[in-house]
Amino acid sequence: MSSRLPNLLISNELISQEQYLIFKSRQKDSGNSVVTELTKLGVISEDQIAQFISNYYSLELVDLESIQVPEPVLKLLSKDFIQKYQVIPLSRSGKTLRVGLVDPSIDFVLEDIKFITGFNVQPVVCTETQFLRGIERYYQMGGTLNKILADMGDDSGVEVVTQSTDPELDRLKEEVETAPVVKLVDGILADAINKRASDIHLEPYETAFRVRFRVDGVLVEVMAPPSHLKAAITSRIKIMAKLNIAERRVPQDGHIKMKLGERAVDLRVSTLPTLFGEKIVMRILDKSNLTLDLTAFGFSEKAFADFEKAIRMPHGLILVTGPTGSGKTTTLYSVLSKINTPNVNTMTAEDPVEYNFAGLNQVQVKEEVGLTFASALKSFLRQDPDIIMIGEIRDLETGSIAVRAALTGHLVLSTLHTNSASATVTRLVDMGIERFLVSSSVNLVVAQRLMRKICKKCKIPVEVHPEALREVGMDPDLHKGHTFYHGAGCIECNSSGYRGRTGIYEVMPMSPRLREMVLEGKNTFEIEAAAVKEGMLTLRMDAVEKFKGGVTTIEEVLRITGEGH
């Protein structure tokens, strides 16, 4: 397989002879494609190469992400041929097949396509990145990851690392560090970060091993490495996280710091012994992806005004509630970034500290040595604080101290695990905190969830059945002629129709009436009804507003808010 592209770039003065020689020696060792190796040199970009090819050969430069390839067309070329020559069939019209090519200068590739398919070939140009994302989407080839696996072959040299024996640890470390498994693990981590995943799951089974990413709150399987690699991959990650690789019987927690280009990314690593090996979950903490602008979170106008008013108050308790992964910590960090000025002393107790911020005095809770939320909170009160953030109120002791701190001139922020804003105040009472203390200390409660947004690239109008509208509390007659949307699925969103998430919020300021109701012992439903009467949107109501505004779909509203919200 011979490419004339480097010579064409030299003759057109896009790269120098010296750069060509460096490229040649590097490509010989790496085995990368021409485009990959040239762009890694940093002298020319992928887009510049694609534009040059397009102009030189007078071929159209296409955006693969805006093209939907029909199923029968995809089957016209084999996966091996597609990967070898970096070509993807796009559409067929009569006896003409339109194909996307990364490098049309490769000898005989167009003649081979004509011979294999029997069609006349109309070539167009695409970038290598779009090609890789295209084959990952259409052929489930796993893109870069499966290329690494293919390069490793069956004889990876790491099969000696098994669950049934206890190999000498020094040799195991050496094996794992030098084996191609290092490249595979690095590829998994980089792929997860590029796909905006929040978590990586590596799951061993009796005869299989799978890797899944959580993207926009939903788990997606991305690859299934050979089962014999599971111990080596696990050991490699444990070494990176500075965990004990000899200990496979108890759960362990660790931490990995890595750089991807200019981005510094932290990974929180958790191992769990299962029947067929250790399951590893890595939480990706990418500060560059952290949005701290409250105005971009998706609050309705009134909810945002109520929230901002509460965080400007000098004292009182603000509670954020919701299940794990609903963005509570991000909301609290955003509040702190807004109100933590040089003239206030802000202290936080977290388990774990997910992101470290300049100007915050952050304490990592360590229950095994007696540093609990309650003991940290007691110590804070001797440190002259203005603002206190407690990662979570888990018990009566922590709750009582938080309430008393809020009543003695401190602004206290914390989280709880409840399903709604109104349930939060009754939960504090159920914990054993006196009603009059809850009534007088709590200023505002926010219940929140994260909901997937429709992908902007493939957003199209959709018909919604009247019964489905009724199910989310909408009157079909009042919404006749209203345009609703969903995502058709494209490369950009991995065919899911969704890309990115927004928050839905239930913001309940404690008005005099609500404080009175807490004192009177009213139940959750009565408090919620009174809050709605005062203008609060429930989670379901806020989700429906975002559906009507074309931000999300009715399926997502039902998935996130369930029944009866």
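All heavy atoms count here, side chains included; hydrogens, waters and symmetry mates do not.
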(message) Within the 4.5 Å heavy-atom criterion, are Pro89 and Ile82 side-chain neighbours or not?
(response) yes

(message) Less than 4.5 Å apart, side chain to side chain, heavy atoms only: is that true for Glu46 and Thr129?
(response) yes

(message) Taking the basic N atoms (NZ, or NE/NH1/NH2) and the acidic carboxylate oxygens, is any pair closer than 4.0 Å for Lys453 and Glu556?
(response) no

(message) Is any side-chain heavy atom of Leu275 closer than 4.5 Å to one of Tyr205?
(response) no

Output a table of donor-acceptor pairs, distance under 3.5 Å, between side-chain atoms of residues 392-399 and any protein atom two or more places apart or on a different chain; print 'none' if there are none.
residue: Glu392; atom: OE1; partner: Arg394; partner atom: NE; Å: 3.3
residue: Arg394; atom: NH1; partner: Glu367; partner atom: OE2; Å: 3.2
residue: Arg394; atom: NH2; partner: Asp351; partner atom: OD2; Å: 3.4
residue: Asp395; atom: OD1; partner: Glu397; partner atom: N; Å: 3.3
residue: Asp395; atom: OD1; partner: Thr398; partner atom: N; Å: 2.8
residue: Asp395; atom: OD1; partner: Thr398; partner atom: OG1; Å: 2.7
residue: Glu397; atom: OE2; partner: Lys378; partner atom: NZ; Å: 3.0

(request) Go through Glu534 and Leu514 one step at a time and tell me if the side chain to side chain contact (heavy atoms under 4.5 Å, CB included) criterion holds. (result) CA-CA 10 Å; Glu534 291 178 358; Leu514 295 184; 4.1 Å; yes

(message) Pairing donors with acceptors under 3.5 angstrom, does anything connect the side chains of Ser422 and Thr524?
(response) no

(request) Please report the closest heavy-atom contact between Pro204 and Thr274, naming both atoms and the distance. (result) CG-OG1, 3.9 Å

(request) Only counting residues at least two apart or in another chain, list the ones meeting ring pair (Phe, Tyr, Trp, His ring centres under 6.0 Å) with Phe81. (result) Tyr85

(request) Using distance alone, with no hydrogens and no angle criterion, decide if Asp63 and Gln130 have a side-chain donor and acceptor under 3.5 Å apart. (result) yes

(message) If you count heavy atoms of other groups shown closer than 6.0 angstrom to CD of Glu520, is the number above 12?
(response) yes

(message) Holding to salt bridge (charged side-chain N to carboxylate O under 4.0 Å, His left out), I want the full list of residues that pass it with Arg212, two or more places apart in sequence or in another chain.
(response) Glu203

(message) To check you understand the geometry: which heavy-atom pair defines the closest contact between Lys546 and Gly503, and what is its length?
(response) CE-O, 3.1 Å

(message) Do the side chains of Glu506 and Arg449 get close enough for a salt bridge, i.e. N-O under 4.0 angstrom?
(response) no

(request) Examine the side chains of Thr96 and Asn120 and answer whether a donor and an acceptor come within less than 3.5 Å of each other. (result) no

(request) Give, for atom OG of Ser270 and atom CD1 of Ile280, the distance between the pair rounded to the nearest 0.5 Å. (result) 9.0 Å

(message) In the structure I gave you, are the side-chain heavy atoms of Leu519 and Phe436 within less than 4.5 Å of one another anywhere?
(response) yes

(request) Look at atom NZ of Lys302 and say whether more than 12 heavy atoms of other residues, nucleotides or ligands are closer to it than 6.0 Å. (result) yes

(request) For Val211 and His201, run side chain to side chain contact (heavy atoms under 4.5 Å, CB included): C-alpha distance rounded to whole Å, both residues' side-chain angles, the deciding distance at 0.1 Å, then the answer. (result) CA-CA 6 Å; Val211 179; His201 291 237; over 6 Å; no

(message) I need the Ile460 CD1 to His486 NE2 distance, nearest 0.5 Å.
(response) 3.5 Å

(message) Does atom CG (Asp430) have a neighbourhood of more than 12 heavy atoms from anything else shown, all under 6.0 Å?
(response) yes

(request) Given side chain to side chain donor-acceptor pair (under 3.5 Å), test Ser45 with Asp47 step by step and report yes or no. (result) CA-CA 5 Å; Ser45 74; Asp47 288 335; 5.3 Å; no

(message) Quick test of your reading of the model: are Asp253 and Arg268 salt-bridged, counting only N-O distances below 4.0 Å?
(response) no

(message) For a 4.5 angstrom cut-off between non-hydrogen side-chain atoms, does Pro251 reach Leu272?
(response) yes

(message) For a quick test of reading the model, state the closest non-hydrogen atom pair linking Thr426 to Asn523 and the distance between them.
(response) CG2-C, 4.5 Å

(request) Apply the test side chain to side chain donor-acceptor pair (under 3.5 Å) to residues Glu350 and Tyr355: give CA-CA distance (whole Å), side-chain angles for both, the deciding distance (0.1 Å), then the verdict. (result) CA-CA 10 Å; Glu350 304 168 59; Tyr355 300 96; over 6 Å; no

(request) Mind checking side-chain hydrogen bond (donor to acceptor under 3.5 Å, both in side chains) for Tyr485 and listing every partner two or more places apart, or none if nothing turns up? (result) none

(request) Kindly say whether Arg515 contributes a backbone atom to a donor-acceptor pair with the side chain of Ser439 at under 3.5 angstrom? (result) yes

(message) I need the full list of ring-ring contact (aromatic ring centres under 6.0 Å, His included) pairs touching residues 295-317, with sequence neighbours left out, sorted by first then second residue.
(response) Phe299-Phe307, Phe299-Tyr505

(request) Kindly compute the distance separating OG (Ser334) from CD1 (Ile339), expressed to the nearest 0.5 Å. (result) 11.0 Å

(message) As an exercise, state the distance from CD1 of Ile387 to CG of Leu413, rounded to the nearest 0.5 Å.
(response) 7.0 Å

(message) Can you confirm whether more than 12 heavy atoms, excluding those of Arg214, are under 6.0 Å from its CZ atom?
(response) yes

(request) Check whether any side-chain heavy atom of Leu90 sits under 4.5 Å from a side-chain heavy atom of Val73, and report yes or no. (result) no

(message) If I take atom CD from residue Glu301 and atom CG from residue Asp306, how far apart are they, to the nearest 0.5 angstrom?
(response) 11.0 Å

(message) Glu555 and side-chain contact (heavy atoms from CB on, under 4.5 Å): which single residue from Thr553, Thr552, Val557 fits?
(response) Thr553

(message) Has Gln448 got a side-chain atom pairing as donor or acceptor with Gly327's backbone, closer than 3.5 angstrom?
(response) yes

Return a table of donor-acceptor pairs under 3.5 angstrom between the side chains of residues 476-484 and protein atoms on other chains or two or more places apart.
residue: His479; atom: ND1; partner: Asp475; partner atom: O; Å: 2.9
residue: His482; atom: NE2; partner: Lys548; partner atom: O; Å: 2.9

(request) Report the C-alpha separation of Lys195 and Val220 in whole Å, then their side-chain angles, then the decisive distance to 0.1 Å, and conclude whether the side chain to side chain contact (heavy atoms under 4.5 Å, CB included) test is met. (result) CA-CA 11 Å; Lys195 285 181 173 168; Val220 181; over 6 Å; no

(request) Please report the shortest heavy-atom distance between Val102 and Thr127, naming the atom on each side. (result) CG2-O, 4.1 Å

(request) Would you sort out whether Glu516 and Lys522 count as a salt bridge (charged side-chain N to carboxylate O under 4.0 Å, His left out), showing the intermediate values? (result) CA-CA 9 Å; Glu516 204 178 286; Lys522 300 292 185 189; over 6 Å; no

(request) State, with a plain yes or no, whether a side-chain heavy atom of Gln51 is found less than 4.5 Å away from one of Leu61. (result) yes

(message) What I want to find out is whether Arg452 reaches Asp216 closely enough, with some N-O distance under 4.0 Å, to be called a salt bridge.
(response) no

(message) So does Glu467 get a backbone contact from the side chain of His465, meaning a donor-acceptor N/O pair under 3.5 Å?
(response) yes

(message) Within this structure, what is the CG-CE distance for the pair Leu319 and Met510, rounded to the nearest 0.5 Å?
(response) 10.0 Å

(request) Check whether any side-chain N or O of Thr415 sits under 3.5 Å from a backbone N or O of Gly391 as a donor-acceptor pair, and report yes or no. (result) yes

(request) State, to 0.1 Å, how close Gly134 and Ile88 come at their nearest heavy-atom pair, and which atoms those are. (result) C-CD1, 4.2 Å

(message) Could you walk me through whether Asp386 and Leu411 satisfy the side chain to side chain contact (heavy atoms under 4.5 Å, CB included) test, starting with their C-alpha distance in whole Å, then the side-chain angles of each, then the deciding distance to 0.1 Å, before giving a yes or no?
(response) CA-CA 6 Å; Asp386 297 293; Leu411 182 63; over 6 Å; no

(message) Could you report the tightest heavy-atom contact between Thr321 and Thr424, atom names first, then the distance?
(response) CG2-OG1, 3.4 Å

(request) Report yes if some heavy atom in the side chain of Leu407 is under 4.5 Å from a heavy atom in the side chain of Leu437; otherwise report no. (result) yes

